[in-house]
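Here the structure is a predicted model, which is why all the values come from computation and not from measurement. Quick note on labels: first sequence line is chain A, next is B, and so on, each numbered from 1.
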Amino acid sequence: MANNWTDVSALDDVPDEDVMGVQTAGKDLALYSVDGQVYVTDNLCTHGNARLCDGFLDGFEIECPLHQGKFDIRNGHPMCEPVTEAVRTYPVKIEDGRVFVDLG
Amino acid sequence: MGDIPVVFPIRPEWESKESSSRIPFSVYTDDQVYKRELERLFYHGHWCYVGLEAEIPESGDFKRTVIGERSVIMVRGADGAVNVVENVCAHRGMQFCRERHGNKKEFVCPYHQWNYKLNGDLQGVPFRRGVKQDGKVQGGMPKEFKPEEHGLTKLKVATRGGVVFASFDHDVEPLEDYLGPTILNYFDRLFNGRKLKILGYNRQRIPGNWKLMQENIKDPYHPGLLHTWFVTYGLWRADNKSQLVMDELHRHAAMISTRGTGGAKSDVTAGVTSFKEGMEIQDKRLLDIVPEEWWGGPTAVMMTVFPSVIFQQQVNSVSTRHIQPDGHGSFDFVWTHFGFEDDTEEMTQRRLIQANLFGPAGFVSADDGEVIELSQYGFEQKPFHRAVAELGGYEVENTDHMVTESLIRGMYEYWRKVMED
């Protein structure tokens, strides 16, 4: 699959040890920063109708605000019920202070 | 006042301390008695029927039903075990499940989306940690809120032979002890380990007290008299070999009969109502008998398991009948007709055709719904009076004949033990 690197945000805008939502190129994304490293997943929870950017980041785990399901932001794996389905993750690169995401 | 008695007694007055043969009408009409029955007979110390395992074969399959008046859900969990949980959200008390049957991965109350596992554990509370707004977190549940303290009410569950019972009372005795060896024997005869196949349901609301349905199936006096259909076609005969048995506490019973071999026109039916010679059933499968190996003799066994269920074998028609009380003067009656996995298609058809005798419009059972309604009318207008259940005497005993109301006296003997302080 061809790369589709897309500029989604300024690096400085991504909050440390927290999450923010970005809507771009028809995508609803959640951007996280942990130990200076940026991670990106789909923003919608795979369980209920909720955005992970409204949830709570604890280490590498994002907790959905609706039903406390958790995902590992590094690989999207579901970590506890009620979520059972992984959330999609995206490759990230930083260039000139911008965050690029490969939307595939 | 003269000789006219007080019409509305404060509490049921029994004429005799020893015998329960004279049943005060107010046990059918009094709301406080009824509430106490729910408390003592349905919610404490007893097992109640909830369904058949065949109704929920796959993980996540569920059926909504009731115990007494409390809505519950029978559901097969992710681990394959049968759970029964109360259909009341732990948050604000809503009856969240409205479908009668279905399949779910989890239960979600639509009001605030509290989210439960199939075993009733609370797993998610929306905005439990609050909502982020302008860099601050607002609201949310208190820090000390513990999801494990806010699950659905979980019932104790027992399954045997594919039948599911549940109890709100976790200290209830084991199901086998509850049924007792005599009734267990007949229970295991019907539910002998073969997988059951659901054939269909009948549902009806009968405007009468729930106990009247138990009594109806503990009363072998009426079938040959009320059910002219039975008599007309020789299905209920005075020379049927028969037996009435109870558990030790006399709350459960079985009426066992074996259809006589004498021709339908022999003398024994002559004295009993309308034996109409000229009338003939076109589809003989309604009436004739195809003996099945598991019967071990009897052509009919009617089991009353107190307080909630009747297990029926009438020739080739087998069903459960679930009594679901709704106020002192009404109950829902839910019939589940079933067969067995090894039935031939012909046998399945036969069971279905014979099921026409039963249910709200059944050739036979339609009569029962109506007499229960009319009995309730009688009780309501004359609550100070009492019924006379003295056929066969005053005692409570097993018999080898049908000309007795012993089983009804037995049930009320037990009822008084549990209900009176």
Side-chain angles (χ1 to χ4, degrees), chain A residues 9-23 28-34 38-73 76-87, chain B residues 58-60 62 75-79 81 83 85 89-92 94 96-97 103-152 154:
Chain A
S9 168
L11 179 59
D12 285 350
D13 288 347
V14 185
D16 287 341
E17 316 303 323
D18 206 346
V19 56
M20 67 179 259
V22 168
Q23 293 191 346
D28 195 348
L29 302 173
L31 278 58
Y32 316 82
S33 174
V34 179
V38 175
Y39 302 87
V40 176
T41 71
D42 273 340
N43 200 7
L44 291 183
C45 181
T46 58
H47 174 248
N49 276 326
R51 288 194 165 83
L52 298 177
C53 68
D54 295 325
F56 301 87
L57 187 64
D58 188 5
F60 291 105
E61 285 186 0
I62 181 69
E63 179 185 296
C64 176
L66 205 51
H67 294 127
Q68 292 82 54
K70 292 178 185 179
F71 301 95
D72 187 322
I73 61 169
H77 288 172
M79 303 305 287
C80 78
E81 287 182 302
V83 298
T84 52
E85 195 184 318
V87 67
Chain B
E58 305 296 333
S59 172
F62 72 89
V75 58
R76 193 173 293 277
D79 58 356
N83 307 314
V85 294
C89 182
H91 177 219
R92 299 278 293 279
M94 195 175 120
F96 56 88
C97 178
N103 183 284
K104 284 186 193 297
K105 284 199 173 78
E106 59 192 8
F107 295 119
V108 181
C109 176
Y111 201 174
H112 305 89
Q113 280 200 42
W114 279 37
N115 172 291
Y116 304 91
K117 291 185 193 182
L118 297 178
N119 69 359
D121 286 346
L122 177 63
Q123 58 181 354
V125 173
F127 312 127
R128 180 178 160 199
R129 288 171 65 158
V131 172
K132 292 190 285 190
Q133 215 172 11
D134 304 328
K136 271 170 48 184
V137 177
Q138 313 276 15
M141 296 297 278
K143 271 205 175 53
E144 58 275 18
F145 176 83
K146 292 194 178 72
E148 55 272 25
E149 291 173 359
H150 299 276
L152 303 175
K154 300 177 183 183

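Using a 4.5 Å cut-off on side-chain heavy atoms (C-beta onward), A:Val87 and A:Cys45 make no contact. In this structure, A:Ile73 and A:Leu52 have side chains that are not in contact, with every pair of non-hydrogen atoms separated by 4.5 Å or more.
Residues forming a ring-ring contact (aromatic ring centres under 6.0 Å, His included) with A:Phe56 (at least two apart in sequence, or on another chain): none.
Atom CZ of A:Phe71 is separated from atom CE of A:Met79 by 11.0 Å, given to the nearest 0.5 angstrom. For the atom pair A:Met20 CE and A:Leu29 CG, the distance stands at 10.0 Å (nearest 0.5 Å).
Of the listed residues (A:Cys80, A:Gly55, A:Gly69), the greatest number of heavy-atom pairs within a distance under 4.5 Å of chain B belongs to A:Gly55. Of the listed residues (B:Gly124, B:Pro147, B:Gly140, B:Gly130), the one with the most heavy-atom contacts under 4.5 Å to chain A is B:Gly124.
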No hydrogens needed, just list the donor-acceptor pairs between chain A and chain B under 3.5 Å.
residue	atom	partner	partner atom	Å
A:His47	NE2	B:Glu106	OE1	2.8
A:His47	NE2	B:Glu106	OE2	2.4
A:His47	NE2	B:Asn115	ND2	3.4
A:Cys53	O	B:Lys132	NZ	3.2
A:Gly55	O	B:Lys132	NZ	2.7
A:Glu63	OE1	B:Arg129	NH1	3.0
A:Pro65	O	B:Phe127	N	2.7
A:His67	NE2	B:Gln113	O	2.5
A:Gln68	OE1	B:Val125	N	2.5
A:Gln68	NE2	B:Val125	O	2.5
A:Glu81	OE1	B:Lys117	NZ	3.3

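Minimum heavy-atom separation, A:Val19 to A:Pro15: O-CG, 3.9 Å.
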Please test A:Ile62 against A:Thr41 for side chain to side chain contact (heavy atoms under 4.5 Å, CB included), starting from the C-alpha separation and ending with a verdict.
CA-CA 10 Å; A:Ile62 181 69; A:Thr41 71; 5.7 Å; no

